[in-house]
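To start, the structure itself, in structure tokens.
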Amino acid sequence: PAGVRHKVDVVGDTEVRCWVHVNYILFNNLDLFSLLEAPLVVRGELGRRIGTAIREWVAADSRHVAESILGRNARRHETGFALLRLLAPVCRPRPDVLNRMGQARNFEPVIEYMHSHFDQPVDRNTLAKLAGLSPAQFHSNFRKATGATPIAFLKGIRLRHAQQLLIATETPVKEVATRCGYEDPFVFSKFFKRESGLSPCDYRQRVRMG
């Protein structure tokens with residue numbers, strides 16, 4: 001479900017689960033599954049097809065250990081979209097989805113500002129002014145439209161930018177923190193581990209190794 005990260009429960013000694021964690025993002029930072037009602041468990045033939053797709057992806061990753069970072073991430077994106085196609089028939093739009101998408105578009109100037117200033121302190125009053133709302137109205141309406149508070153939304157932008165820097169560059173973690181709006185590398189590392197499940201250094205190593 002939207003907002004749930006790295007949660008896997010195994011309920012029996014003979015049970016085998018294969019799983020993958022994928023984020024689908026709209027409008028730069030809107031979780032697709034916050035707009036959809038998706039089943040927690042997919043059974044039967046569809047469940048087997050999803051399991052097969054995941055196992056094939058893992059096998060392909062192990063066969064291409066020397067592949068470039070760009071190539072590996074391209075294949076991962078392909079797998080993500082293939083899984084989305086499998087899930088599509090069992091997902092239903094939430095009743096307010098059209099309204100929320102319309103509201104999200106109304107905040108495009110705010111979202112664009114966040115993307116161009118995520119490495120700087122972002123003031124809520126400035127964001128509210130861009131939206132043409134009072135600060136109190138802005139906070140409430142932004143959350144209704146995106147499913148996240150302005151601060152949480154901004155942190156999501158910073159997290160994904162940090163992940164890109166860690167994967168695609170040799171930028172030191174301290175500089176990654178600064179370029180993502182964190183003056184204190186310790187605060188950044190704590191935030192990154194809480195959100196991704198790994199420290200920045202471990203994340204860089206794990207993703208590159210596959």
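Quick caveat: nothing in here was measured; it's all calculated off a predicted structure.
Of all heavy-atom pairs spanning Thr169 and Leu165, the tightest one is OG1-O, 2.5 Å. Summarising the geometry of Phe188 relative to Pro200, their closest heavy-atom pair is CE2-CG, 3.7 Å, with the distance given to 0.1 Å. Residues Ala148 and Phe153 approach most closely at CB-N, 4.2 Å, considering heavy atoms. Pairing each heavy atom of Cys201 with each of Val173, the nearest pair is SG-CG2, 3.8 Å. The minimum heavy-atom distance linking Ala38 with Cys91 is given by the pair CB-SG, 3.8 Å. Considering every non-hydrogen atom in both Lys174 and Pro185, the closest pair reads CG-CG, 3.7 Å.
Here Arg179 contributes atom CZ and His161 contributes atom NE2; the two are 5.5 Å apart, rounded to the nearest 0.5 Å. Once rounded to the nearest 0.5 Å, the distance linking CZ of Arg85 with CG of Leu87 reads 11.5 Å. Annotation: the span from Ser199 atom OG to Arg194 atom CZ amounts to 14.5 Å, rounded to 0.5 Å. The OH atom of Tyr203 lies 14.5 Å from the OG atom of Ser189; values are rounded to the nearest 0.5 Å. Taken from CG in Leu86 to CD1 in Ile54, the straight-line distance is 9.5 Å, to the nearest 0.5 Å. Glu175 CD to Thr178 OG1: the interatomic distance, rounded to the nearest 0.5 Å, is 7.0 Å.
In this structure, Arg204 and Ile167 have side chains that are not in contact, with every pair of non-hydrogen atoms separated by 4.5 Å or more. Glu195 places a side-chain heavy atom less than 4.5 Å from the side chain of Leu159. Using a 4.5 Å heavy-atom cutoff, the side chains of Leu84 and Leu32 are in contact. The closest side-chain heavy-atom distance from Phe192 to Leu166 is below 4.5 Å. For the pair His139/Thr149, a side-chain contact is recorded, criterion being any heavy-atom separation below 4.5 Å from C-beta on. Side chains of Met114 and Pro150 form a contact here, defined as non-hydrogen atoms less than 4.5 Å apart. Within the 4.5 Å cutoff, the side chain of Phe107 has heavy atoms near those of the Leu133 side chain. Side-chain contact between Leu198 and Lys193 is absent, with no heavy atoms from C-beta onward closer than 4.5 Å.
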- request: Report the C-alpha distance between Lys129 and Phe138 in whole Å, list the side-chain angles of each, state the deciding distance to 0.1 Å, and finish with yes or no for side-chain contact (heavy atoms from CB on, under 4.5 Å).
  value: CA-CA 9 Å; Lys129 187 175 181 179; Phe138 167 71; over 6 Å; no
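Without hydrogens or angle criteria, Arg94 side chain to Leu36 main chain gives a donor-acceptor distance under 3.5 Å. Using modelled atom types, one side-chain atom of His117 and one backbone atom of Tyr113 make a donor-acceptor pair closer than 3.5 Å. Here the side chain of Ser140 pairs no donor or acceptor atom with the backbone of Ala136 at under 3.5 angstrom.
Using a 4.0 Å cut-off between charged nitrogen and carboxylate oxygen, Arg75 and Glu78 do not count as a salt-bridge pair.
Within 6.0 Å of the CD1 atom in Ile151, the count of heavy atoms belonging to other residues, nucleotides or ligands does not exceed 12. Other residues, nucleotides and ligands contribute over 12 non-hydrogen atoms within 6.0 Å of the CD atom of Glu45.
Only one option out of Leu127, Val110, Asn106 pairs with Phe142 in a side-chain contact (heavy atoms from CB on, under 4.5 Å); it is Val110.
There is a side-chain donor-acceptor pair under 3.5 Å between Ser134 and Gln137.
Under a cutoff of 6.0 Å and an axis angle of 45°, Arg158 and Tyr182 form a cation-pi pair.
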